[in-house]
Participant: 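Sharing a structure here in C-alpha coordinates format.
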Amino acid sequence: MKYKSIKGTKDILPDESHIWIEVENRIRKVMHTYNYKEIRTPIFEETKLFARGIGEFTDIVGKEMYTFTDRGGDSLTLKPEVTASVIRAYIQHNLGEKQPLTKVYYISPAFRQERPQAGRLRQFHQFGAEAIGSKNPAVDAEIISLAANIYESFGIRDFVIKINSVGCEICRNEYKNILKKFLIDISNKLSPESQKRIDVNPMRVLDSKDENDRIATKSAPLILNYLCNDCKTHFAQLQDLLSFMNVTFEVDGRIVRGLDYYTKTAFEIISTELGSQDALAGGGRYDLLVKELGGKDTPAVGFAAGLERLLMVLQKQNQDKFQAPRPKVFIAYADKSCEKIILNLAQKLRAKGVPCEIDLLNRSLKSQMREADRQNSDFVIVVGENEVKSNRLNIKNMKTGKVEEIDLGNLENYFLSSNG
RNA sequence: GUGUCCAUAGUUCAGUUGGUUAGAACGCCAGGUUGUGGCCCUGGAAGUCGAGGGUUCAAGUCCCUCUGGACACCCCA
(Lines give C-alpha, C1' and ligand atoms only; values in the text may rest on other atoms or scores of the structure.)
Protein backbone atom coordinates (compact mmCIF):
# COMPACT_ATOMS: atom_id res chain seq x y z
CA MET A 1 0.00 0.00 0.00
CA LYS A 2 1.75 3.10 -1.17
CA TYR A 3 -0.41 6.07 -0.30
CA LYS A 4 -2.22 6.43 2.97
CA SER A 5 -4.44 9.10 4.39
CA ILE A 6 -2.59 11.56 6.59
CA LYS A 7 -2.22 10.68 10.26
CA GLY A 8 -5.29 11.66 12.19
CA THR A 9 -7.51 11.92 9.12
CA LYS A 10 -10.28 9.57 8.10
CA ASP A 11 -12.09 8.67 4.91
CA ILE A 12 -15.83 8.58 5.15
CA LEU A 13 -16.56 5.51 3.04
CA PRO A 14 -19.67 4.82 0.96
CA ASP A 15 -20.99 2.48 3.65
CA GLU A 16 -21.15 5.24 6.23
CA SER A 17 -21.53 8.46 4.27
CA HIS A 18 -25.32 8.26 4.45
CA ILE A 19 -25.09 8.45 8.25
CA TRP A 20 -23.16 11.70 8.00
CA ILE A 21 -25.61 13.12 5.50
CA GLU A 22 -28.57 12.22 7.67
CA VAL A 23 -26.98 13.54 10.87
CA GLU A 24 -26.02 16.79 9.17
CA ASN A 25 -29.52 17.22 7.83
CA ARG A 26 -31.07 16.68 11.23
CA ILE A 27 -28.71 19.24 12.73
CA ARG A 28 -29.78 21.70 10.03
CA LYS A 29 -33.41 21.01 10.79
CA VAL A 30 -33.05 21.91 14.46
CA MET A 31 -30.97 24.98 13.60
CA HIS A 32 -33.79 26.11 11.32
CA THR A 33 -36.38 25.71 14.05
CA TYR A 34 -34.43 28.35 15.97
CA ASN A 35 -34.18 30.44 12.79
CA TYR A 36 -30.42 30.21 12.37
CA LYS A 37 -29.13 30.32 8.79
CA GLU A 38 -26.16 28.40 7.48
CA ILE A 39 -22.90 30.19 6.80
CA ARG A 40 -20.00 28.60 4.94
CA THR A 41 -16.55 30.11 5.21
CA PRO A 42 -13.29 28.98 3.53
CA ILE A 43 -11.29 26.26 5.26
CA PHE A 44 -8.25 28.51 5.49
CA GLU A 45 -7.66 32.06 6.58
CA GLU A 46 -4.88 34.46 7.22
CA THR A 47 -2.90 33.14 10.18
CA LYS A 48 -3.25 36.42 12.03
CA LEU A 49 -7.01 36.06 12.21
CA PHE A 50 -6.72 33.03 14.47
CA ALA A 51 -3.76 34.33 16.43
CA ARG A 52 -5.75 37.46 17.20
CA GLY A 53 -9.13 35.84 17.65
CA ILE A 54 -8.27 32.73 19.62
CA GLY A 55 -5.40 34.19 21.60
CA GLU A 56 -1.64 34.15 21.04
CA PHE A 57 -0.97 32.11 24.14
CA THR A 58 -3.61 29.42 23.78
CA ASP A 59 -2.51 25.85 23.03
CA ILE A 60 -4.40 25.98 19.77
CA VAL A 61 -2.46 28.91 18.40
CA GLY A 62 0.78 28.03 20.17
CA LYS A 63 1.25 24.49 18.97
CA GLU A 64 -1.71 22.99 17.14
CA MET A 65 -2.31 25.00 13.99
CA TYR A 66 -1.67 23.83 10.46
CA THR A 67 0.13 26.90 9.21
CA PHE A 68 1.91 27.26 5.89
CA THR A 69 3.26 29.90 3.60
CA ASP A 70 1.68 30.10 0.18
CA ARG A 71 3.52 30.92 -3.02
CA GLY A 72 2.83 34.59 -2.55
CA GLY A 73 4.60 34.48 0.79
CA ASP A 74 1.46 34.89 2.91
CA SER A 75 1.05 32.90 6.11
CA LEU A 76 -2.18 30.92 5.96
CA THR A 77 -3.76 28.52 8.43
CA LEU A 78 -6.30 25.71 8.12
CA LYS A 79 -9.04 26.76 10.47
CA PRO A 80 -8.64 25.20 13.93
CA GLU A 81 -12.14 26.35 14.86
CA VAL A 82 -14.85 28.23 13.07
CA THR A 83 -15.92 31.20 15.17
CA ALA A 84 -13.05 33.45 14.12
CA SER A 85 -13.89 32.86 10.44
CA VAL A 86 -17.56 33.56 11.02
CA ILE A 87 -16.82 36.81 12.79
CA ARG A 88 -14.39 37.78 10.04
CA ALA A 89 -17.15 37.23 7.49
CA TYR A 90 -19.61 39.11 9.68
CA ILE A 91 -17.34 42.12 9.77
CA GLN A 92 -16.18 41.90 6.16
CA HIS A 93 -19.72 41.83 4.76
CA ASN A 94 -21.18 44.30 7.24
CA LEU A 95 -23.81 41.80 8.30
CA GLY A 96 -24.48 43.86 11.40
CA GLU A 97 -25.68 46.75 9.24
CA LYS A 98 -28.33 44.65 7.55
CA GLN A 99 -30.03 43.64 10.76
CA PRO A 100 -29.24 44.18 14.42
CA LEU A 101 -29.02 40.48 15.31
CA THR A 102 -27.29 37.94 13.08
CA LYS A 103 -28.02 34.27 13.76
CA VAL A 104 -25.88 31.80 11.82
CA TYR A 105 -24.81 28.19 12.07
CA TYR A 106 -22.14 26.10 10.42
CA ILE A 107 -21.12 22.52 9.77
CA SER A 108 -17.48 22.54 8.88
CA PRO A 109 -14.19 20.67 9.00
CA ALA A 110 -11.54 21.99 11.38
CA PHE A 111 -7.85 21.12 11.75
CA ARG A 112 -5.57 20.78 14.73
CA GLN A 113 -2.22 19.04 14.82
CA GLU A 114 -2.57 17.02 18.01
CA ARG A 115 -1.89 13.40 18.82
CA PRO A 116 -5.01 11.52 17.73
CA GLN A 117 -6.99 9.49 20.26
CA ALA A 118 -10.56 8.44 20.89
CA GLY A 119 -12.80 11.29 19.79
CA ARG A 120 -9.92 13.38 18.52
CA LEU A 121 -8.72 13.68 14.95
CA ARG A 122 -6.48 16.12 13.14
CA GLN A 123 -9.18 16.84 10.64
CA PHE A 124 -12.47 16.76 12.47
CA HIS A 125 -15.87 18.29 11.99
CA GLN A 126 -17.66 20.86 14.02
CA PHE A 127 -21.14 22.22 13.97
CA GLY A 128 -22.12 25.28 15.88
CA ALA A 129 -24.10 28.46 16.00
CA GLU A 130 -23.36 32.11 16.64
CA ALA A 131 -25.79 34.87 17.60
CA ILE A 132 -24.11 38.21 17.03
CA GLY A 133 -25.51 41.53 18.19
CA SER A 134 -27.21 41.14 21.55
CA LYS A 135 -26.04 41.14 25.14
CA ASN A 136 -29.38 39.88 26.36
CA PRO A 137 -28.96 36.73 28.49
CA ALA A 138 -31.95 35.35 26.58
CA VAL A 139 -29.58 34.79 23.68
CA ASP A 140 -27.20 32.82 25.90
CA ALA A 141 -30.19 30.76 26.95
CA GLU A 142 -31.26 30.26 23.36
CA ILE A 143 -27.80 29.09 22.31
CA ILE A 144 -27.57 26.60 25.17
CA SER A 145 -31.06 25.33 24.54
CA LEU A 146 -30.32 25.02 20.83
CA ALA A 147 -27.25 22.91 21.46
CA ALA A 148 -29.11 20.70 23.92
CA ASN A 149 -32.02 20.35 21.57
CA ILE A 150 -29.84 18.97 18.83
CA TYR A 151 -28.75 16.11 21.07
CA GLU A 152 -32.28 15.52 22.25
CA SER A 153 -33.49 15.38 18.67
CA PHE A 154 -31.26 12.33 18.26
CA GLY A 155 -32.74 10.74 21.35
CA ILE A 156 -29.57 11.36 23.34
CA ARG A 157 -30.22 11.89 27.02
CA ASP A 158 -26.93 10.98 28.65
CA PHE A 159 -25.38 14.41 28.78
CA VAL A 160 -24.91 17.13 31.33
CA ILE A 161 -24.95 20.86 30.70
CA LYS A 162 -22.49 22.72 32.89
CA ILE A 163 -22.57 26.48 32.98
CA ASN A 164 -20.32 29.08 34.51
CA SER A 165 -19.52 32.73 34.21
CA VAL A 166 -15.94 33.70 33.53
CA GLY A 167 -16.70 37.36 34.15
CA CYS A 168 -15.61 40.33 32.15
CA GLU A 169 -12.25 42.03 31.73
CA ILE A 170 -12.61 43.90 34.97
CA CYS A 171 -13.84 41.33 37.46
CA ARG A 172 -11.91 38.46 35.92
CA ASN A 173 -8.59 40.21 36.35
CA GLU A 174 -9.33 41.00 39.97
CA TYR A 175 -10.33 37.42 40.57
CA LYS A 176 -7.24 36.09 38.80
CA ASN A 177 -5.01 37.93 41.22
CA ILE A 178 -6.87 36.56 44.21
CA LEU A 179 -6.72 33.07 42.76
CA LYS A 180 -3.01 33.40 42.01
CA LYS A 181 -2.28 34.24 45.61
CA PHE A 182 -4.24 31.23 46.78
CA LEU A 183 -2.46 28.93 44.33
CA ILE A 184 0.99 30.19 45.21
CA ASP A 185 0.30 29.39 48.85
CA ILE A 186 -0.58 25.79 48.07
CA SER A 187 1.73 25.35 45.09
CA ASN A 188 3.78 22.62 46.75
CA LYS A 189 0.68 20.43 46.74
CA LEU A 190 0.02 20.93 43.05
CA SER A 191 1.18 18.84 40.12
CA PRO A 192 4.15 20.22 38.16
CA GLU A 193 1.82 20.93 35.24
CA SER A 194 -0.46 23.01 37.40
CA GLN A 195 2.40 24.85 39.00
CA LYS A 196 3.46 26.05 35.57
CA ARG A 197 -0.06 27.24 34.91
CA ILE A 198 -0.31 29.49 37.95
CA ASP A 199 1.20 32.40 36.07
CA VAL A 200 0.05 31.69 32.55
CA ASN A 201 -3.53 30.67 33.16
CA PRO A 202 -4.42 30.21 36.82
CA MET A 203 -8.09 29.42 36.14
CA ARG A 204 -7.04 26.33 34.22
CA VAL A 205 -5.60 24.87 37.43
CA LEU A 206 -9.12 24.55 38.82
CA ASP A 207 -10.09 22.53 35.76
CA SER A 208 -7.23 20.03 36.19
CA LYS A 209 -7.96 16.33 35.93
CA ASP A 210 -5.27 15.49 38.45
CA GLU A 211 -6.82 14.02 41.59
CA ASN A 212 -4.39 15.77 43.92
CA ASP A 213 -4.95 19.09 42.24
CA ARG A 214 -8.66 18.64 42.74
CA ILE A 215 -8.20 18.00 46.44
CA ALA A 216 -5.70 20.81 46.90
CA THR A 217 -7.97 23.34 45.23
CA LYS A 218 -11.12 22.25 46.98
CA SER A 219 -11.36 25.44 48.96
CA ALA A 220 -10.05 27.66 46.17
CA PRO A 221 -11.89 30.91 45.54
CA LEU A 222 -14.35 30.53 42.67
CA ILE A 223 -15.00 33.31 40.20
CA LEU A 224 -18.72 33.17 40.81
CA ASN A 225 -18.14 34.87 44.16
CA TYR A 226 -16.12 37.66 42.61
CA LEU A 227 -18.27 38.69 39.65
CA CYS A 228 -19.05 42.36 39.21
CA ASN A 229 -22.68 43.40 39.44
CA ASP A 230 -23.24 43.37 35.70
CA CYS A 231 -21.81 39.86 35.27
CA LYS A 232 -23.58 38.63 38.38
CA THR A 233 -27.00 39.76 37.17
CA HIS A 234 -26.37 38.40 33.73
CA PHE A 235 -25.54 34.97 35.13
CA ALA A 236 -28.52 35.02 37.49
CA GLN A 237 -30.84 35.94 34.64
CA LEU A 238 -29.43 33.19 32.46
CA GLN A 239 -30.13 30.57 35.09
CA ASP A 240 -33.58 31.93 35.58
CA LEU A 241 -34.32 31.79 31.86
CA LEU A 242 -32.94 28.28 31.45
CA SER A 243 -35.18 27.08 34.25
CA PHE A 244 -38.15 28.69 32.56
CA MET A 245 -37.22 26.93 29.35
CA ASN A 246 -37.00 23.60 31.16
CA VAL A 247 -33.34 23.20 30.32
CA THR A 248 -31.62 21.18 33.02
CA PHE A 249 -28.16 22.45 33.93
CA GLU A 250 -25.49 22.42 36.61
CA VAL A 251 -23.51 25.39 37.75
CA ASP A 252 -19.82 24.51 37.75
CA GLY A 253 -17.53 27.31 38.87
CA ARG A 254 -14.47 25.50 37.55
CA ILE A 255 -15.28 25.47 33.87
CA VAL A 256 -12.74 27.37 31.83
CA ARG A 257 -12.79 27.53 28.08
CA GLY A 258 -9.63 27.04 26.12
CA LEU A 259 -10.11 30.06 23.94
CA ASP A 260 -9.29 33.53 25.18
CA TYR A 261 -12.26 35.35 23.81
CA TYR A 262 -14.95 34.24 26.24
CA THR A 263 -16.65 36.66 28.61
CA LYS A 264 -19.47 36.08 31.06
CA THR A 265 -21.24 32.86 30.09
CA ALA A 266 -19.17 29.72 29.50
CA PHE A 267 -20.74 26.31 29.14
CA GLU A 268 -19.96 22.73 28.24
CA ILE A 269 -22.06 19.78 27.32
CA ILE A 270 -20.46 16.64 28.65
CA SER A 271 -21.36 13.13 27.61
CA THR A 272 -21.56 10.52 30.34
CA GLU A 273 -21.06 7.85 27.70
CA LEU A 274 -17.70 8.74 26.18
CA GLY A 275 -14.15 8.13 27.37
CA SER A 276 -11.52 10.71 28.07
CA GLN A 277 -12.66 13.14 25.39
CA ASP A 278 -16.15 13.58 26.76
CA ALA A 279 -16.95 17.15 25.75
CA LEU A 280 -19.71 17.08 23.17
CA ALA A 281 -19.96 20.83 22.85
CA GLY A 282 -18.66 24.00 24.39
CA GLY A 283 -19.43 27.62 24.03
CA GLY A 284 -20.23 30.88 25.64
CA ARG A 285 -20.38 34.60 25.27
CA TYR A 286 -17.63 36.56 23.57
CA ASP A 287 -18.47 40.22 23.80
CA LEU A 288 -14.99 41.45 22.92
CA LEU A 289 -14.16 39.37 19.86
CA VAL A 290 -15.88 41.38 17.14
CA LYS A 291 -14.09 44.53 18.22
CA GLU A 292 -10.84 42.65 18.67
CA LEU A 293 -11.05 41.56 15.05
CA GLY A 294 -11.65 45.08 13.82
CA GLY A 295 -15.42 45.39 13.89
CA LYS A 296 -17.69 47.56 15.94
CA ASP A 297 -18.11 46.80 19.62
CA THR A 298 -20.65 43.97 19.28
CA PRO A 299 -21.70 41.38 21.85
CA ALA A 300 -22.09 37.75 20.72
CA VAL A 301 -22.74 34.21 21.96
CA GLY A 302 -22.13 30.86 20.36
CA PHE A 303 -21.27 27.23 20.70
CA ALA A 304 -19.19 24.66 18.86
CA ALA A 305 -19.77 20.92 18.90
CA GLY A 306 -17.90 17.89 17.61
CA LEU A 307 -19.65 15.94 14.89
CA GLU A 308 -17.47 12.88 15.44
CA ARG A 309 -18.32 12.89 19.12
CA LEU A 310 -22.01 13.09 18.37
CA LEU A 311 -21.58 10.11 16.05
CA MET A 312 -19.67 8.23 18.75
CA VAL A 313 -22.53 8.67 21.18
CA LEU A 314 -25.04 7.62 18.57
CA GLN A 315 -23.04 4.50 17.84
CA LYS A 316 -22.67 3.66 21.53
CA GLN A 317 -26.34 4.06 22.17
CA ASN A 318 -27.24 2.40 18.93
CA GLN A 319 -30.01 4.94 18.90
CA ASP A 320 -30.76 5.40 15.31
CA LYS A 321 -30.72 3.21 12.31
CA PHE A 322 -29.98 5.44 9.38
CA GLN A 323 -31.13 4.11 6.08
CA ALA A 324 -28.63 3.94 3.28
CA PRO A 325 -29.76 4.87 -0.20
CA ARG A 326 -30.73 1.80 -2.17
CA PRO A 327 -32.29 0.97 -5.52
CA LYS A 328 -36.02 0.47 -5.47
CA VAL A 329 -35.88 -1.72 -8.53
CA PHE A 330 -33.25 -4.01 -9.91
CA ILE A 331 -33.78 -4.77 -13.58
CA ALA A 332 -32.09 -7.99 -14.62
CA TYR A 333 -31.79 -9.57 -18.02
CA ALA A 334 -32.31 -13.24 -18.73
CA ASP A 335 -29.90 -13.03 -21.60
CA LYS A 336 -27.45 -10.49 -22.84
CA SER A 337 -29.53 -9.64 -25.92
CA CYS A 338 -31.94 -7.77 -23.66
CA GLU A 339 -29.32 -5.39 -22.31
CA LYS A 340 -30.57 -2.52 -24.45
CA ILE A 341 -34.10 -3.04 -23.23
CA ILE A 342 -33.23 -2.91 -19.56
CA LEU A 343 -31.09 0.17 -20.14
CA ASN A 344 -34.13 1.78 -21.68
CA LEU A 345 -36.45 0.72 -18.85
CA ALA A 346 -34.00 1.97 -16.23
CA GLN A 347 -33.76 5.26 -18.08
CA LYS A 348 -37.53 5.68 -17.95
CA LEU A 349 -37.77 4.90 -14.25
CA ARG A 350 -34.85 7.13 -13.34
CA ALA A 351 -36.43 9.98 -15.25
CA LYS A 352 -39.41 9.61 -12.93
CA GLY A 353 -37.15 9.64 -9.90
CA VAL A 354 -37.33 5.92 -9.17
CA PRO A 355 -33.89 4.69 -8.07
CA CYS A 356 -32.96 1.60 -10.02
CA GLU A 357 -29.98 -0.56 -10.79
CA ILE A 358 -28.99 -2.90 -13.59
CA ASP A 359 -26.16 -5.34 -14.08
CA LEU A 360 -23.06 -3.79 -15.60
CA LEU A 361 -20.81 -6.83 -15.37
CA ASN A 362 -22.46 -9.28 -17.77
CA ARG A 363 -23.40 -11.56 -14.96
CA SER A 364 -25.60 -14.61 -14.88
CA LEU A 365 -29.19 -14.24 -13.78
CA LYS A 366 -28.37 -15.94 -10.51
CA SER A 367 -25.63 -13.43 -9.86
CA GLN A 368 -27.93 -10.59 -10.75
CA MET A 369 -30.48 -11.85 -8.26
CA ARG A 370 -27.82 -12.06 -5.58
CA GLU A 371 -26.75 -8.55 -6.40
CA ALA A 372 -30.33 -7.30 -6.17
CA ASP A 373 -30.59 -8.94 -2.77
CA ARG A 374 -27.31 -7.51 -1.56
CA GLN A 375 -28.34 -4.06 -2.74
CA ASN A 376 -31.48 -4.48 -0.70
CA SER A 377 -33.70 -3.46 -3.59
CA ASP A 378 -37.44 -3.77 -3.12
CA PHE A 379 -38.29 -5.21 -6.51
CA VAL A 380 -36.70 -7.21 -9.29
CA ILE A 381 -37.80 -7.27 -12.89
CA VAL A 382 -36.35 -9.92 -15.16
CA VAL A 383 -36.44 -9.16 -18.85
CA GLY A 384 -36.05 -11.92 -21.42
CA GLU A 385 -37.56 -13.26 -24.60
CA ASN A 386 -40.96 -13.88 -23.00
CA GLU A 387 -41.34 -10.32 -21.86
CA VAL A 388 -40.28 -8.96 -25.18
CA LYS A 389 -42.85 -11.12 -26.97
CA SER A 390 -45.74 -10.49 -24.59
CA ASN A 391 -45.01 -6.87 -23.70
CA ARG A 392 -45.67 -7.78 -20.10
CA LEU A 393 -43.37 -7.67 -17.09
CA ASN A 394 -43.13 -9.74 -13.93
CA ILE A 395 -42.36 -7.63 -10.90
CA LYS A 396 -41.02 -9.59 -7.99
CA ASN A 397 -41.38 -8.19 -4.51
CA MET A 398 -38.17 -9.18 -2.75
CA LYS A 399 -39.61 -8.99 0.75
CA THR A 400 -42.65 -11.18 0.15
CA GLY A 401 -41.31 -13.14 -2.81
CA LYS A 402 -44.57 -12.53 -4.63
CA VAL A 403 -44.66 -11.79 -8.33
CA GLU A 404 -47.06 -9.46 -10.04
CA GLU A 405 -47.56 -9.21 -13.79
CA ILE A 406 -48.17 -5.84 -15.45
CA ASP A 407 -48.28 -4.34 -18.90
CA LEU A 408 -45.01 -2.89 -20.03
CA GLY A 409 -46.73 0.46 -20.52
CA ASN A 410 -47.73 0.61 -16.86
CA LEU A 411 -44.18 0.32 -15.55
CA GLU A 412 -43.68 3.89 -14.39
CA ASN A 413 -47.16 4.13 -12.90
CA TYR A 414 -46.61 0.96 -10.91
CA PHE A 415 -43.71 2.48 -9.01
CA LEU A 416 -45.16 5.95 -8.76
CA SER A 417 -48.33 4.63 -7.15
CA SER A 418 -48.57 3.16 -3.66
CA ASN A 419 -45.90 0.60 -4.49
CA GLY A 420 -43.38 3.28 -5.21
C1' G B 1 5.14 16.92 22.54
C1' U B 2 5.22 12.44 26.56
C1' G B 3 3.77 7.38 27.94
C1' U B 4 1.62 2.24 27.29
C1' C B 5 0.00 -1.45 23.94
C1' C B 6 -0.34 -2.93 18.83
C1' A B 7 0.61 -3.91 13.10
C1' U B 8 -0.45 -11.43 9.35
C1' A B 9 -5.93 -12.13 2.97
C1' G B 10 -11.18 -7.16 1.77
C1' U B 11 -12.56 -7.75 7.42
C1' U B 12 -11.88 -10.10 12.39
C1' C B 13 -8.16 -13.09 14.01
C1' A B 14 -4.89 -18.13 14.58
C1' G B 15 0.30 -19.08 13.59
C1' U B 16 3.98 -23.47 19.44
C1' U B 17 11.05 -22.88 22.18
C1' G B 18 12.97 -19.26 15.07
C1' G B 19 12.44 -24.89 10.93
C1' U B 20 9.24 -27.10 4.50
C1' U B 21 4.45 -24.63 -0.32
C1' A B 22 1.47 -18.85 6.11
C1' G B 23 -4.15 -20.95 8.08
C1' A B 24 -9.55 -20.22 9.78
C1' A B 25 -14.07 -17.64 9.85
C1' C B 26 -16.85 -14.01 7.49
C1' G B 27 -16.87 -11.36 2.89
C1' C B 28 -15.88 -11.74 -2.51
C1' C B 29 -16.21 -14.75 -7.33
C1' A B 30 -18.21 -19.16 -9.94
C1' G B 31 -21.27 -23.39 -9.89
C1' G B 32 -25.36 -26.81 -7.52
C1' U B 33 -28.84 -28.61 -15.55
C1' U B 34 -34.73 -24.93 -18.46
C1' G B 35 -35.45 -17.67 -16.55
C1' U B 36 -35.41 -15.75 -10.07
C1' G B 37 -32.21 -13.70 -4.24
C1' G B 38 -31.78 -15.02 1.10
C1' C B 39 -30.56 -20.82 3.90
C1' C B 40 -27.53 -24.93 2.55
C1' C B 41 -23.61 -27.59 -0.41
C1' U B 42 -19.13 -27.64 -3.77
C1' G B 43 -15.14 -25.19 -5.89
C1' G B 44 -12.07 -20.72 -6.67
C1' A B 45 -9.42 -16.09 -6.24
C1' A B 46 -7.06 -13.43 -2.73
C1' G B 47 -1.20 -12.08 1.72
C1' U B 48 6.00 -8.05 -0.37
C1' C B 49 3.29 -11.14 7.25
C1' G B 50 3.25 -2.20 7.91
C1' A B 51 8.39 -0.29 5.71
C1' G B 52 13.74 -0.50 5.98
C1' G B 53 17.98 -2.53 8.15
C1' G B 54 20.38 -6.35 11.37
C1' U B 55 21.29 -11.41 13.91
C1' U B 56 21.03 -16.61 11.96
C1' C B 57 22.25 -22.25 7.92
C1' A B 58 17.03 -20.54 8.45
C1' A B 59 12.84 -14.79 10.61
C1' G B 60 5.64 -13.79 10.41
C1' U B 61 8.39 -15.26 15.00
C1' C B 62 14.53 -12.27 17.88
C1' C B 63 17.04 -6.96 17.79
C1' C B 64 17.20 -1.68 15.91
C1' U B 65 15.07 2.47 13.16
C1' C B 66 10.96 4.55 10.77
C1' U B 67 5.72 4.85 9.56
C1' G B 68 0.86 4.05 10.98
C1' G B 69 -3.07 2.58 14.58
C1' A B 70 -5.50 2.19 19.61
C1' C B 71 -5.71 4.30 24.50
C1' A B 72 -4.14 7.84 28.18
C1' C B 73 -1.53 12.61 29.54
C1' C B 74 -1.49 17.74 27.73
C1' C B 75 -5.47 20.32 25.58
C1' C B 76 -9.96 20.46 23.37
C1' A B 77 -14.88 19.41 19.70
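Owing to the predicted nature of the structure, the values given are computational and were not obtained by experimental measurement. Chain identifiers are assigned alphabetically (A, B, ...) following the order of the sequence lines, protein sequences preceding nucleic acid strands; residue numbering begins at 1 within each chain.
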Participant: Identify the nucleotide, in any strand shown, that forms a Watson-Crick or G-U wobble pair with A45(B), with both distances under 3.5 Å; if there is none, say none.
Facilitator: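 Here A45(B) is not engaged in any pair, so there is no nucleotide opposite it.
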
Participant: What nucleic acid atoms does Leu280(A) come within less than 4.0 Å of, heavy atoms only: base, sugar-phosphate, or nothing?
Facilitator: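 Sugar-phosphate, backbone atoms only, no base.
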
Participant: Distance check needed: A72(B) C1' versus Arg120(A) CZ, whole Å only.
Facilitator: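 It works out to 10 Å between those atoms.
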
Participant: Describe, in one word, how the ring planes of Tyr226(A) and Tyr175(A) are oriented to each other, choosing from parallel (under 30°), tilted (30 to 60°) and perpendicular (over 60°).
Facilitator: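 Tyr226(A) vs Tyr175(A) ring planes: tilted.
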
Participant: Go ahead and name the base partner of C26(B); Watson-Crick or wobble counts if both distances stay under 3.5 Å, otherwise write none.
Facilitator: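 When the pairing criteria are applied, G10(B) turns out to be the nucleotide that pairs with C26(B).
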
Participant: Does C28(B) have OP1 or OP2 sitting under 4.0 Å from an N or O in the side chain of Arg374(A)?
Facilitator: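 Result: yes.
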
Participant: For residues Phe415(A) and Phe379(A), establish whether the separation of their ring centroids is below 6.0 Å.
Facilitator: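 Aromatic pair counts; centres sit under 6.0 Å.
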
Participant: Can you tell me if Gln117(A) touches the phosphate of A72(B), counting only side-chain N or O atoms and a distance under 4.0 Å to OP1 or OP2?
Facilitator: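 So the side chain of Gln117(A) is within the cut-off, an N or O lying under 4.0 Å from OP1 or OP2 of A72(B).
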
Participant: In the strands shown, is G38(B) matched to any nucleotide by a Watson-Crick or G-U wobble pair with both distances under 3.5 Å, and which?
Facilitator: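 Because no pair has both required distances under 3.5 Å, G38(B) counts as unpaired.
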
Participant: Side chain of Lys366(A), base of G31(B): donor and acceptor closer than 3.5 Å?
Facilitator: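 Such a pair does not exist between side chain and base.
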
Participant: Could you please spell out the steps behind the ring-ring contact (aromatic ring centres under 6.0 Å, His included) verdict for Phe249(A) and Phe267(A)?
Facilitator: CA-CA 10 Å; Phe249(A) 62 90; Phe267(A) 73 95; over 10 Å; no

Participant: Does A70(B) have a Watson-Crick or wobble mate here (both distances under 3.5 Å), and if so which one?
Facilitator: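 Partner of A70(B): U4(B).
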
Participant: Under 4.0 Å between a side-chain N or O of Lys389(A) and OP1 or OP2 of G35(B)?
Facilitator: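 Checking G35(B) against Lys389(A), no side-chain N or O comes under 4.0 Å of OP1 or OP2.
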
Participant: For Lys63(A) and G1(B), is the shortest distance between a side-chain N/O and OP1 or OP2 below 4.0 Å?
Facilitator: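 So the side chain of Lys63(A) is outside the cut-off, no N or O lying under 4.0 Å from OP1 or OP2 of G1(B).
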
Participant: Assess whether a salt bridge exists between Arg285(A) and Asp287(A), defined as any Lys/Arg side-chain N lying under 4.0 Å from an Asp/Glu carboxylate O.
Facilitator: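 Judged by the 4.0 Å cut-off on N to carboxylate O distance, Arg285(A) and Asp287(A) do form a salt bridge.
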
Participant: Is Ser367(A) close enough to C29(B) that one of its side-chain N or O atoms is under 4.0 Å from OP1 or OP2 there?
Facilitator: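 No.
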
Participant: Could you label the plane-to-plane angle of the Phe159(A) and Tyr151(A) rings as parallel, tilted or perpendicular, counting under 30° as parallel and over 60° as perpendicular?
Facilitator: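 Taking Tyr151(A) first and then Phe159(A), their aromatic rings sit tilted (interplane angle of 30° to 60°).
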
Participant: Using a 4.0 Å heavy-atom cut-off across all strands, classify Val380(A) as base, sugar-phosphate, or nothing.
Facilitator: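 If one applies the 4.0 Å heavy-atom cut-off, Val380(A) turns out to touch nothing in the nucleic acid.
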
Participant: Please confirm whether any donor atom in the side chain of Asp335(A) sits under 3.5 Å from an acceptor in the base of G35(B), or the reverse.
Facilitator: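 Result: no qualifying N/O pair found.
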
Participant: Can you find a side chain N or O atom of Arg122(A) that sits less than 4.0 Å from OP1 or OP2 on G69(B)?
Facilitator: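 Checking Arg122(A) against G69(B): no side-chain N or O falls below 4.0 Å of OP1 or OP2.
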
Participant: Quick one: is C76(B) close enough that its OP1 or OP2 comes under 4.0 Å of any side-chain N or O from Arg112(A)?
Facilitator: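 The answer is no; no side-chain N or O of Arg112(A) sits under 4.0 Å from OP1 or OP2.
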
Participant: I want to check one thing: is the phosphate of G68(B), taken as OP1 and OP2, less than 4.0 Å away from some side-chain N or O of Arg115(A)?
Facilitator: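 Looking at the OP1 and OP2 atoms of G68(B), neither is under 4.0 Å from any side-chain N or O of Arg115(A).
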
Participant: U65(B) pairs with which nucleotide, Watson-Crick or G-U wobble, both distances below 3.5 Å?
Facilitator: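 Its partner is A51(B) (Watson-Crick or G-U wobble, both distances under 3.5 Å).
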
Participant: So if I take every side-chain heavy atom of Arg204(A) and compare against C76(B), G35(B), A77(B), which nucleotide ends up nearest?
Facilitator: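 Nearest to the side chain of Arg204(A) among the choices is C76(B).
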
